[in-house]
Amino acid sequence: MNQKKKRASYVFNSLYDQIELLVSGEFGDANPEVRRPPKESGAQFAVPCFRYAKVKKETPVMLAEKIAERWNSGLKAGGLITRFEPAGGYINVFADQRMLLEEIFKDINALGEDYGTYRQKEETIVVDYCSPNIAKPLTVGHLRSTIIGQALINILKARGYEVVGINFLSDWGTQFGKLLYAFNQWGDENLFEKDPIGHLVDLYVRFHAELDVNPSLEDEARDCFKRLEQGGEEERALWLRFRKASLADFEETVARLGVCFDYNWYESDFEKKAHELIDRLLDEGIAERSQGAVIITTSDDDNPPLVAKKSDGTTLYASRDLASAIERIEKFKPVTKLLYVVATEQNLHFVNLAKALERLGFPGICQHIRFGMVSLPSGKISTREGRVVYLDDLLDEAERRAEEIVKEKNPDMPEDKRAQVARRVGIGAVIYADLSQDRIKDITFDWSKMLAFDGNSAPYLQYAAVRCAKILEKAEPEEQNPMKVLKEEDIPATVDKMTEPETIDLLLHLGRFPQAVSEAAQRYAPHVVAGYLYELATLLSRFYTQVPVLKASDENTRLARLALVHSTGLVLRKGLAILGIRVPVEM
RNA sequence: GCGCCCGUAGCUCAGACGGACAGAGCAUCGGAUUUCUAAUCCGACGGCCGUGGGUUCGAGUCCCUCCGGGCGCGCCA
């Protein structure tokens, strides 16, 4: 039933472990360096000897030669490792290619759709992502948190963690007083009914415009929020309507990205808990009074502390976030990490949050997964100043441009099918444009960059996957799932038929998928998966142009290649799914 | 002023934990289609890795200086 149990470890992982064990045994190095050698070497892994040479007072070249010779003499016949070869201070490790290829095939064959995933760990990671303010639509600014967060969730799940995704909505604070005031002044029920969020944005913009000529509106807004805080029924009813409409709007938009939150949590629900927490921390001496406010010191030097309570006695975002962190730890235990996928501009907040949690007895649990800012060519995004690109508009444009291209490339495709293809290609392009680069980089929003359809882009990967599917579709019915036809004992004969370099390179790369997943999880870096998939698609394209599948010279070769194509399609689809990108049936 | 981040080819980016000649895409130029979808493939062009020092057998990668850009800096979220 659970096929994962059948195999202990992926072949590249066990090869790596074998080498690591050998090196640590030889040099007593607890964390030995095992790396990927240059392609031309033909080796699978390499061990640099330089640092050991220094300790042993030998030249690296001599040491590598000596160790390689010793290791070679200790090799048993029939093992995965066939020889060690000294090369300028490195020891290159060669594996039995046949055996390696067979093992990769066996791994894929045994796990199918689960290939690349790992067994369940007893650890939970909580991921905070998207987390917008209510009463404003999602902009391209929220795009990054949402898709990076979702990709990380998928990656960590694949790596075996229990993962909980939380959308933490900001629905509390003085800004909502502004909105309450504005709605009472200028609100229009009909307009709100028709387009709730659009109307709220208009009111928000109008409030700030009026504020310029009438500064006393600030006080009006504060009063409105005070009444909300004190449980004023009218205010509360209106605020709940804003919130409900906002959530509906958000969920509709993120659904287009294939995102669905495990939980929607509201900041306002932590107002009371924050008060209780602060009282406790005051008792314990972790929090202290300062200039009328309550603070938690988070640094030895003069970095600002975490302000937990204002001098008027009310809580702030920081303390509500802290209370929510405690709640996450208790509700989902055993929690090993709280990840916050939030832009780098909030760095200070998370430094403080992490330090506060450390003082509360949770060192290292809070990790800010920060990413660079998105700005527009005209400057920083600002809803108030109308300098904004809404996420829905971006996705609409993505689909529109994709549809144009489908029409051009594939004019005979019926319209309903074309729309589906355009959706997947357009949205995929947007997601991939972001996830294919390191999160930390700032992005200046650019339509043509976001919506690249060739080169290193989602459509390139999708196209590769579609080609795989199409070949299989044209095969005989009994060949369509070659892995089903293929018994474990047939695998050696199948691998026998894989002789071209394009074929071997492709299969070898398939074997590295589990490592890509693992590295991406360890580094919280979706772009590692993206980079892996791009290379895979490149290898597939090369194979595709060089090696005929359906017209292979003999039946066994044909079946072997079909199995390879099937496996490649599987991994492409799986990897893209991890990034949150779907593959269309045709393109 | 203090703190955090970024700076690699004309443009957009990979090169995590120091290691074998710095790799892609786009753009430009040239080639490939009687063959499973050319949204493809092959080739060419293109780099004092911002600057100057330091550590090291070895630095795009680590430390310091400076330059350029972004962000933040007690009672906003």
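Here is the naming used below: chain letters follow the sequence lines, and residue numbers restart at 1 for every chain. Quantities reported herein were computed from a predicted structural model and do not represent experimental measurements.
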Which is true for [X] with a 4.0 Å heavy-atom rule: it touches a base, it touches only sugar-phosphate, or it touches nothing?
{"X": "Gly531(A)", "result": "nothing"}
{"X": "Glu267(A)", "result": "sugar-phosphate"}
{"X": "Pro304(A)", "result": "sugar-phosphate"}

Write down the distance separating the [atom1] atoms in [N] and [M], rounded off to the nearest Å.
{"N": "rG52(B)", "M": "rC66(B)", "atom1": "P", "value": "16 Å"}
{"N": "rG69(B)", "M": "rU56(B)", "atom1": "C1'", "value": "31 Å"}
{"N": "rC45(B)", "M": "rG10(B)", "atom1": "P", "value": "15 Å"}
{"N": "rG1(B)", "M": "rG46(B)", "atom1": "C1'", "value": "43 Å"}

Between [N] atom [atom2] and [X] atom [atom1], what is the distance in whole Å?
{"X": "Glu58(A)", "N": "rC57(B)", "atom1": "CD", "atom2": "P", "value": "17 Å"}
{"X": "Leu316(A)", "N": "rG74(B)", "atom1": "CG", "atom2": "P", "value": "12 Å"}
{"X": "Phe350(A)", "N": "rC73(B)", "atom1": "CZ", "atom2": "P", "value": "14 Å"}
{"X": "Lys441(A)", "N": "rA16(B)", "atom1": "NZ", "atom2": "P", "value": "12 Å"}
{"X": "Arg35(A)", "N": "rG58(B)", "atom1": "CZ", "atom2": "P", "value": "18 Å"}
{"X": "Asp446(A)", "N": "rC11(B)", "atom1": "CG", "atom2": "P", "value": "14 Å"}

Give none if [N] has no partner; otherwise give the nucleotide forming a Watson-Crick or G-U wobble pair with it, both distances under 3.5 Å.
{"N": "rC62(B)", "answer": "rG54(B)"}
{"N": "rG47(B)", "answer": "none"}
{"N": "rG25(B)", "answer": "rC11(B)"}
{"N": "rG30(B)", "answer": "rC42(B)"}
{"N": "rC76(B)", "answer": "none"}
{"N": "rU37(B)", "answer": "none"}
{"N": "rC4(B)", "answer": "rG70(B)"}

Please determine whether a side-chain nitrogen of the Lys or Arg among [X] and [Y] lies less than 4.0 Å from a carboxylate oxygen of the Asp or Glu.
{"X": "Lys474(A)", "Y": "Glu479(A)", "value": "no"}
{"X": "Arg320(A)", "Y": "Glu267(A)", "value": "yes"}
{"X": "Glu403(A)", "Y": "Arg400(A)", "value": "no"}
{"X": "Lys66(A)", "Y": "Glu58(A)", "value": "yes"}

Could a donor-acceptor pair under 3.5 angstrom be found where the side chain of [X] meets the base of [N]?
{"X": "Asn92(A)", "N": "rA20(B)", "result": "yes"}
{"X": "Glu40(A)", "N": "rC21(B)", "result": "yes"}
{"X": "Ser290(A)", "N": "rG74(B)", "result": "yes"}

In terms of side-chain heavy atoms of [X], which of [options] is nearest?
{"X": "Tyr463(A)", "options": "rC73(B), rU37(B), rU56(B)", "result": "rU37(B)"}
{"X": "Ser541(A)", "options": "rU40(B), rA16(B), rU37(B)", "result": "rU40(B)"}
{"X": "Lys380(A)", "options": "rG72(B), rC42(B), rA20(B)", "result": "rG72(B)"}

Within 45° of the axis and under 6.0 Å from the centre of the six-membered ring of Phe270(A), does NZ or CZ of Lys273(A) qualify?
-> yes
Please check the phosphate of rG15(B) (OP1 and OP2 only) for any side-chain N or O of His527(A) closer than 4.0 Å.
-> yes
Output, in order, the C-alpha distance, side-chain angles, deciding distance and verdict of side-chain contact (heavy atoms from CB on, under 4.5 Å) for Arg36(A) and Phe45(A).
-> CA-CA 5 Å; Arg36(A) 210 175 148 179; Phe45(A) 287 101; 5.5 Å; no
